[in-house]
Novice: 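One structure, as structure tokens, below. Some questions next.
In what follows, every heavy atom counts, from backbone to side chain, and hydrogens, waters and symmetry copies are set aside.
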Amino acid sequence: MEEAKSQSLEEDFEGQATHTGPKGVINDWRKFKLESEDSDSFPPSKKEILRQMSSPQSRDDKDSKERFSRKMSIQEYELVHRDKEDENCLRKYRRQCMQDMHQKLSFGPRYGFVYELESGEQFLETIEKEQKITTIIVHIYEDGIKGCDALNSSLTCLAAEYPMVKFCKIKASNTGAGDRFSSDVLPTLLVYKGGELLSNFISVTEQFAEEFFTGDVESFLNEYGLLPEREVHVLEQTNMEEDME
């Protein structure tokens with residue numbers, strides 16, 4: 001019964017399966033792959049390889065067959081691994097495109113560290129002459145005031161993570177308005193953009209715990225929408241998505 005069904009199936013296919021056994025099936029598949037692909041899908045060299053793979057040489061010539069088999073194994077290896085190499089190239093291309101896009105979107109000057117302002121004149125010049133698209137965060141501090149050193153350390157870390165933001169610091173005694181910045185209101189953070197004062201946080205460390213870190217200052221500034229999105233987050237997310245593929 002099973003043999004009759006098998007014969008019936010073979011007759012239904014009208015003799016399309018010209019080879020039997022594993023090797024025959026592989027050769028049939030190769031021939032079908034070559035015939036079914038669009039003529040523009042493969043370059044001539046690859047089409048020739050597939051044609052040769054679907055039409056083995058005569059078994060009478062043992063030496064020729066061995067050379068042919070050895071040649072085909074290399075060519076088959078190249079065909080199988082070509083797709084993987086193309087996929088790796090595509091990932092690198094996507095990563096480079098993301099980096100280029102972020103660089104273009106993050107136009108404008110880049111800083112990356114905390115600027116020490118030496119005088120009130122330098123302070124005013126920084127606020128008035130910086131590009132209008134740049135956010136400027138100024139820490140007014142004084143040596144020996146609780147929380148000032150810790151805040152300076154936190155801002156140094158944030159300056160590296162947000163290079164498009166200009167972080168500055170200036171001693172209250174150097175502002176020319178020391179009477180307005182007494183120890184009671186220090187440390188103070190002033191945030192400017194386009195020459196305008198956006199936010200003024202006096203005794204800012206009162207918003208934090210006794211011991212605070214960079215993440216606490218970052219969260220505080222983000223709560224008021226004063227920091228842009230970090231570029232590294234987007235790039236890391238892209239890399240994670242590629243690694244999961």
Side-chain angles (χ1 to χ4, degrees), residues 86-117 122-141 147-171 175 181 185-245:
D86 291 344
E87 183 178 350
N88 292 335
C89 290
L90 179 60
R91 289 185 178 183
K92 292 179 181 179
Y93 174 74
R94 288 176 57 192
R95 185 180 292 111
Q96 184 62 48
C97 287
M98 289 296 296
Q99 292 174 345
D100 293 343
M101 180 185 69
H102 286 297
Q103 187 173 8
K104 291 178 181 179
L105 291 177
S106 302
F107 56 88
R110 303 173 74 82
Y111 308 96
F113 60 93
V114 178
Y115 291 78
E116 178 78 47
L117 305 179
Q122 190 177 5
F123 172 83
L124 293 175
E125 183 177 353
T126 297
I127 302 305
E128 294 174 354
K129 293 187 177 182
E130 193 55 73
Q131 293 191 19
K132 293 183 179 181
I133 62 172
T134 300
T135 298
I136 305 171
I137 298 179
V138 182
H139 176 209
I140 300 178
Y141 74 102
C148 287
D149 287 342
L151 187 56
N152 274 332
S153 297
S154 295
L155 295 180
T156 298
C157 294
L158 290 178
E161 296 182 1
Y162 296 91
M164 68 291 295
V165 177
K166 186 170 186 176
F167 289 86
C168 304
K169 62 180 181 180
I170 183 172
K171 288 186 177 181
T175 61
F181 297 108
V185 300
L186 299 181
T188 291
L189 281 182
L190 305 178
V191 184
Y192 295 87
K193 191 171 185 178
E196 300 291 334
L197 179 65
L198 299 182
S199 299
N200 179 12
F201 304 106
I202 63 174
S203 301
V204 67
T205 51
E206 293 180 0
Q207 306 294 326
F208 311 133
E210 184 73 16
E211 186 177 12
F212 63 91
F213 303 95
T214 301
D216 300 313
V217 180
E218 181 180 24
S219 297
F220 175 78
L221 294 173
N222 275 326
E223 183 178 347
Y224 289 89
L226 298 174
L227 292 176
E229 182 179 0
R230 284 201 298 177
E231 297 175 5
V232 66
H233 283 166
V234 180
L235 293 176
E236 285 176 352
Q237 182 178 359
T238 304
N239 293 339
M240 289 178 61
E241 291 175 353
E242 290 178 351
D243 293 339
M244 292 175 63
E245 293 177 354

Novice: Verify side-chain contact (heavy atoms from CB on, under 4.5 Å) between L151 and V217, making sure each step is shown before the conclusion.
Specialist: CA-CA 8 Å; L151 187 56; V217 180; 3.9 Å; yes
Novice: Test your reading of the model: is there a side-chain donor-acceptor pair from T175 to the backbone of K171, 3.5 Å cut-off?
Specialist: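 No, because the side chain of T175 does not come within donor-acceptor range (under 3.5 Å) of the backbone of K171.
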Novice: Check whether any side-chain N or O of T156 sits under 3.5 Å from a backbone N or O of N152 as a donor-acceptor pair, and report yes or no.
Specialist: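 Yes, T156 side chain to N152 backbone: donor-acceptor pair under 3.5 Å.
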Novice: Could you measure the distance from the NZ atom of K129 to the OG1 atom of T134? Nearest 0.5 Å is fine.
Specialist: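 With rounding to 0.5 Å, NZ (K129) is 15.5 Å from OG1 (T134).
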Novice: Restricting to non-hydrogen atoms, name the atom on L117 and the atom on C168 that form the minimum distance, rounded to 0.1 Å.
Specialist: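 The answer is CD1-CB, 3.9 Å.
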Novice: Parallel, tilted or perpendicular for F208 and F212, by the 30°/60° rule?
Specialist: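 Aromatic pair F208/F212 classed tilted.
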Novice: With rounding to the nearest 0.5 Å, note down the distance linking CG in L227 to CG in L158.
Specialist: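 L227 atom CG to L158 atom CG measures 6.5 Å (nearest 0.5 Å).
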Novice: Given the rule in the side-chain contact (heavy atoms from CB on, under 4.5 Å) test, do I170 and V138 qualify, once you have shown the distances and angles that lead to the verdict?
Specialist: CA-CA 7 Å; I170 183 172; V138 182; 4.0 Å; yes
Novice: First locate atom CD of E128, then atom CD1 of I136, and finally report the distance between them rounded to the nearest 0.5 Å.
Specialist: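 So the gap between those two atoms works out to 10.0 Å.
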Novice: Looking at S219 and D216, would you say the former's side chain and the latter's main chain have a donor-acceptor pair under 3.5 Å?
Specialist: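 No; zero donor-acceptor contacts below 3.5 Å.
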Novice: Is the CD1 atom of I202 crowded by more than 12 outside heavy atoms at less than 6.0 Å?
Specialist: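 Open: at most 12 neighbouring heavy atoms sit under 6.0 Å from CD1 of I202.
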Novice: Looking just at side-chain N and O atoms, do Y162 and E218 make a donor-acceptor pair shorter than 3.5 Å?
Specialist: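 The criterion, which ignores hydrogens and geometry beyond distance, is satisfied for E218 and Y162.
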Novice: Kindly give the heavy-atom pair with the smallest separation between M164 and Y111, and that separation in Å.
Specialist: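 M164 and Y111 have their closest heavy atoms at O-CE1, 3.9 Å.
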Novice: Taking the side chain as everything from C-beta on, heavy atoms only, tell me whether I140 gets closer than 4.5 Å to P187.
Specialist: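 The answer is no; the side chains never approach within 4.5 Å.
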Novice: Tell me the closest heavy-atom pair linking H139 and C148, and the distance in Å.
Specialist: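 Closest heavy-atom pair between H139 and C148: CE1-O, 3.5 Å.
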Novice: F167 and F113: ring pair (Phe, Tyr, Trp, His ring centres under 6.0 Å), yes or no, with the steps?
Specialist: CA-CA 7 Å; F167 289 86; F113 60 93; over 10 Å; no
Novice: Distance from S199 atom OG to K193 atom NZ, nearest 0.5 Å?
Specialist: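 Rounded to the nearest 0.5 Å, the OG-NZ separation comes out at 12.0 Å.
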Novice: Would K166 and Y115 count as a cation-pi pair here, with the cationic atom under 6.0 angstrom from the ring centre and within 45° of the axis?
Specialist: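 Yes, K166 sits over the ring of Y115.
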Novice: Could you grab the distance from atom OH of Y192 to atom CZ of F123, nearest 0.5 Å is fine?
Specialist: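 Separation between the atoms: 3.5 Å.
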Novice: Mind checking the CG-CG spacing from L197 to L190? Nearest 0.5 Å is all I need.
Specialist: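 Answer for the CG-CG pair, L197 versus L190, is 6.0 Å.
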Novice: Applying side-chain contact (heavy atoms from CB on, under 4.5 Å) to F220 and L226, what does each step give before you reach the verdict?
Specialist: CA-CA 9 Å; F220 175 78; L226 298 174; over 6 Å; no
Novice: Could you go through the side-chain contact (heavy atoms from CB on, under 4.5 Å) check for I137 and L221 one step at a time?
Specialist: CA-CA 10 Å; I137 298 179; L221 294 173; 4.0 Å; yes
